[in-house]
Amino acid sequence: MDRKMKPYLLRRGAEEGVPPKLSLDYGQALNPQQLAAVMAGDGPALVIAGAGSGKTRTLVYRVAYLIDLGNDPGTILLLTFTRKAAQEMLKRVGLLIGSRSERVSGGTFHSVANMLLRRYGRPIGLEPGFTILDRGDAEDLIGVLRTQLGLHEKDKRFPRKGTIAEIFSKCENTLRSMEEIVLGEFGHFSEHLEDLEKLKRAYQAAKRQRQLLDYDDLLVKLRELLSGDDAARRAISQSYRYILVDEYQDTNRLQGDLIRKLAETHDNVMVVGDDSQSIYGFRGATFRNIMEFPEQFPGATIYKLEENYRSTQPILNLANEIIRGAAEKYSKRLFTQKLDGPLPVLVQAGGENAQSRFIAQKILELREEGVPLDEIAVLFRSSFHSFDLEIELSRRDLPFVKQGGFKFIETAHVKDLLAHLRVVENPLDTVSWTRVLLLVEGVGPKKAQDLVALCLKTERPVDVLGEAGGRSSRALKDLARMLEETARPGALTPAEQVSQVYDYYLPILKDQYDDYPKRMRDLEHLYTMAERYHRLEEFLSDLALEPPDQSVADVEAMGRDDERLVLSTIHSAKGLEWQCVFVIWVVDGRFPSAYAFLTEDELEEERRLFYVAVTRAKRHLYLTYPINVYDKTTGSVLSKPSRFLDDVSPSLFDTWALVEEDGSRGWSGRGGE
């Protein structure tokens with residue numbers, strides 16, 4: 001029988017040509033595109049679910065439909081990225097179809113792999129009682145083996161155990177070699193490639209001997225089982241007659257390969273996802289899985305969900321144009337019944353602080369118009385992009401919660417650099433003195449305490465450091481020299497003082513942190529922040545407006561203290577929505593990041609990230625960018641809006657150039673061409 005025939009022929013034992021009696025009115029509950037996907041026949045199916053198009057609803061009704069047709073619920077496997085997502089979907093299925101849904105197998109890739117390996121793992125040497133190592137345990141085992149192999153005694157610093165675990169994990173999840181991962185992403189450790197290979201072999205041997213699996217091994221070993229044991233592969237594949245996969249665009253190479261093997265005996269696979277929202281390449285996810293699904297499963301039927309239930313049409317028009325420029329995609333055009341709404345606004349600000357003041361003022365206006373604070377979000381490409389805005393929001397008593405990454409001044413490397421500046425500004429700051437001294441090689445807690453005590457007794461603490469003896473003598477002299485240069489009255493601007501400390505601190509940063517290239521960018525941004533200040537005291541005071549250990553602004557909310565404005569990285573905002581969204585730093589060189597210019601794949605992922613940001617907005621959307629901003633990293637002036645807007649018709653958004661009115665913090669916008 002042709003698997004593309006009428007959907008009702010899916011039902012096991014149904015009399016051919018006689019439609020089953022369904023308990024639900026699917027046509028009433030679903031739009032035509034959703035209905036087509038839900039009632040798909042046997043065989044592989046790819047559901048391209050545009051932003052806000054009811055992806056979860058479609059999956060829930062698909063599971064209910066399969067059960068409604070008379071299929072054994074125990075033969076249905078639903079794979080999601082979180083246990084909570086699987087539980088919520090199956091709960092919704094239960095509300096539709098009753099208790100039969102309880103027998104559906106649902107969970108994450110890793111939880112399903114764990115269950116299958118305990119049941120079928122003996123052919124590959126796994127006893128049912130194997131132990132799963134958490135990330136900390138895995139790192140500790142790597143650390144022990146690193147010491148046993150003498151790799152901790154190298155003249156040139158060997159990666160720390162956490163970094164080594166990350167490298168090993170990327171190799172497994174991307175199905176790429178150690179050489180490719182190290183040279184491509186950890187180039188500063190390339191000289192240790194041979195030793196890393198040796199350590200990985202030792203790590204794998206130790207786990208085998210002790211019946212240990214780390215988190216990645218659950219998928220690696222399942223792949224080994226499915227590849228090497230024909231009987232087990234057939235038994236597992238036949239036990240799951242229908243496989244459904246959520247968020248397929250976020251799967252990695254290993255997960256894609258597992259799906260292919262799990263479906264070997266029937267090809268009844270339905271994957272749901274959106275190629276335009278594939279944004280987790282840094283975690284090992286690959287855009288190629290969803291693009292190559294029709295090649296992996298020949299004869300696959302492609303369904304598209306394009307009706308959006310979140311945003312107004314003006315916002316969707318802009319989103320459609322942004323993604324239209326993608327080099328590779330499944331063509332789709334989002335539409336909605338919400339035809340009316342304001343045009344998105346592209347806002348040009350004179351500088352970063354002008355951008356921050358505009359956003360704070362606009363948020364106050366929106367709140368006066370009745371938009372709750374928790375229905376407003378500010379989204380950004382990188383966590384440090386909101387640093388200046390956080391200061392401005394605190395000044396305006398606007399409470400916020402920040403999601404994604406650390407708050408800028410909570411990061412250890414930023415606190416390190418600021419401690420040096422605080423010592424320059426206030427030589428009596430014992431907390432900062434202690435932090436600074438503990439960064440010096442050869443200085444432990446006792447010596448730091450003694451030096452701080454001596455520094456507080458003199459008007460010239462640098463002399464104490466310069467005269468200190470012991471094995472840390474030379475390093476302390478270097479510190480004293482830098483502090484004296486940086487503290488010269490009136491000689492340096494705050495930005496130049498930041499630069500002076502940065503040059504001194506850079507070797508320490510490289511020694512302390514394996515991911516120092518990323519942290520260097522944060523410190524370079526600190527320099528940019530300091531440029532708008534004339535006095536160091538002013539700069540440090542503004543940084544201290546919010547205590548570094550708080551993630552929510554500790555201010556009253558003017559009678560609405562239960563509301564919090566949301567600040568979020570775009571990665572953390574995926575799947576969420578707000579009435580009003582500001583996307584900041586939409587300037588070429590920051591979004592897309594200058595680092596993404598190196599490869600076409602990275603640039604394309606940045607475009608998809610921009611698309612995700614825009615499609616979070618329900619009604620109001622503001623894209624803001626400062627001009628004439630000097631970027632210390634590239635040595636260039638950032639002055640044009642993101643290249644992703646180059647080919648977008650100006651008719652799709654309003655353009656405002658902000659003009660600060662004399663004597664006030666108000667703004668007037670003038671329309672662009």
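Computation of the quantities below employed the complete heavy-atom set of this structure, encompassing side-chain atoms and omitting hydrogens, waters and symmetry-equivalent molecules.
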How about [X] and [Y]: do any of their side-chain heavy atoms sit closer than 4.5 Å?
X: Leu199; Y: Leu145; result: yes
X: Val583; Y: Leu621; result: yes
X: Ile259; Y: Leu79; result: yes
X: Ile315; Y: Thr615; result: no
X: Val269; Y: Phe293; result: yes
X: Lys304; Y: Ser331; result: yes
X: Glu600; Y: Glu604; result: yes
X: Leu222; Y: Val112; result: no

| said: With salt bridge (Lys or Arg N to Asp or Glu O under 4.0 Å) as the criterion, how do Asp250 and Lys574 come out once you've worked through the C-alpha distance, each side chain's angles and the decisive distance to 0.1 Å? | reply: CA-CA 12 Å; Asp250 295 335; Lys574 185 171 172 289; 3.6 Å; yes
| request: Using the side chain to side chain donor-acceptor pair (under 3.5 Å) rule, collect all pairs that involve residues 222-232, keeping only residues at least two apart or in two chains. | output: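 Listed once each, the pairs are Lys221-Glu224, Arg223-Asp257, Asp230-Arg233.
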| note | side chain to side chain donor-acceptor pair (under 3.5 Å) pairs touching residues 287-297, sequence neighbours excluded, are Thr251-Asn289, Arg253-Glu292, Arg288-Glu292, Arg288-Glu328
Heavy-atom pair of closest approach, residues [X] and [Y]:
X: Pro372; Y: Ile376; result: O-CG1, 3.6 Å
X: Tyr303; Y: Ala36; result: CE2-O, 3.5 Å
X: Ala613; Y: Leu379; result: O-CD1, 3.9 Å
X: Gln255; Y: His110; result: NE2-CE1, 4.5 Å
X: Leu262; Y: Ser237; result: O-OG, 2.8 Å
X: Arg310; Y: Ala51; result: NH1-CB, 4.1 Å

Between [X] (side chain) and [Y] (backbone), is there a donor-acceptor pair under 3.5 Å?
X: His266; Y: Tyr240; value: yes
X: Gln403; Y: Ser568; value: no
X: Glu306; Y: Arg333; value: yes
X: Arg616; Y: Leu576; value: yes
X: Arg146; Y: Pro159; value: yes
X: Tyr611; Y: Gln277; value: no
X: Lys55; Y: Gly273; value: no
X: Arg176; Y: Ile181; value: no
X: Asn308; Y: Thr336; value: no
X: Asp214; Y: Asp217; value: yes

| said: Pair Phe109, Val245 - check side chain to side chain contact (heavy atoms under 4.5 Å, CB included), show working. | reply: CA-CA 10 Å; Phe109 279 85; Val245 188; 4.0 Å; yes
| Below 4.0 angstrom, N of the basic side chain to O of the carboxylate: do Arg103 and Asp72 qualify? | yes
| Short N-O contact, Glu88 and Lys91, less than 4.0 angstrom |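 No salt bridge links Glu88 with Lys91.
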Taking atom [atom1] of [X] and atom [atom2] of [Y], what is their separation to the nearest 0.5 Å?
X: Lys338; Y: Ser311; atom1: NZ; atom2: OG; result: 7.0 Å
X: Asn252; Y: Thr174; atom1: CG; atom2: OG1; result: 8.0 Å
X: Arg57; Y: Met89; atom1: CZ; atom2: CE; result: 13.5 Å
X: Tyr203; Y: Ile142; atom1: OH; atom2: CD1; result: 4.5 Å
X: Phe287; Y: Tyr280; atom1: CZ; atom2: OH; result: 16.0 Å
X: Phe297; Y: Asn268; atom1: CZ; atom2: CG; result: 10.0 Å

| message | Walk me through whether Arg324 and Glu321 qualify under salt bridge (Lys or Arg N to Asp or Glu O under 4.0 Å). | response | CA-CA 5 Å; Arg324 187 173 64 85; Glu321 282 300 290; 3.0 Å; yes
| message | Using a 6.0 Å cut-off, check whether atom CD of Gln28 has over 12 heavy atoms from anything other than its own residue. | response | no
| message | Is it the case that atom CD in Gln87 sees more than 12 heavy atoms from other parts of the structure closer than 6.0 Å? | response | yes
Quick one: side chains of residues 162-171, donor-acceptor pairs under 3.5 Å with protein atoms, not counting sequence neighbours, listed by atom name and distance.
from	atom 1	to	atom 2	distance (Å)
Thr163	OG1	Asp514	OD2	2.4
Ser169	OG	Asn173	ND2	3.2
Ser169	OG	Asp216	OD1	3.4
Ser169	OG	Asp216	OD2	2.7
Lys170	NZ	Glu185	OE1	2.6
Lys170	NZ	Phe282	O	3.1

| Can you list the steps and then say if Arg62 with Asp68 is a salt bridge (Lys or Arg N to Asp or Glu O under 4.0 Å)? | CA-CA 10 Å; Arg62 174 63 175 175; Asp68 216 1; over 6 Å; no
| query | Do the side-chain N and O atoms of Glu307 and Gln33 include a donor-acceptor pair separated by under 3.5 angstrom? | reply | no
| message | side chain to side chain contact (heavy atoms under 4.5 Å, CB included), that's the test. Do Thr58 and Val272 meet it? Break it down for me. | response | CA-CA 9 Å; Thr58 302; Val272 182; 5.9 Å; no
| note | Only residue of Arg607, Lys329, Lys332 satisfying salt bridge (Lys or Arg N to Asp or Glu O under 4.0 Å) with Asp275 is Lys332
| field | Intermediate values then yes/no, side chain to side chain contact (heavy atoms under 4.5 Å, CB included), Leu213 and Leu126 | value | CA-CA 9 Å; Leu213 296 188; Leu126 280 180; 3.9 Å; yes
| message | Go through it in stages, so that I can follow the logic: the residues are Leu59 and Val63, the test is side chain to side chain contact (heavy atoms under 4.5 Å, CB included), and I'd like the CA-CA distance, side-chain angles, deciding distance and then a yes or no. | response | CA-CA 6 Å; Leu59 268 174; Val63 175; 5.7 Å; no
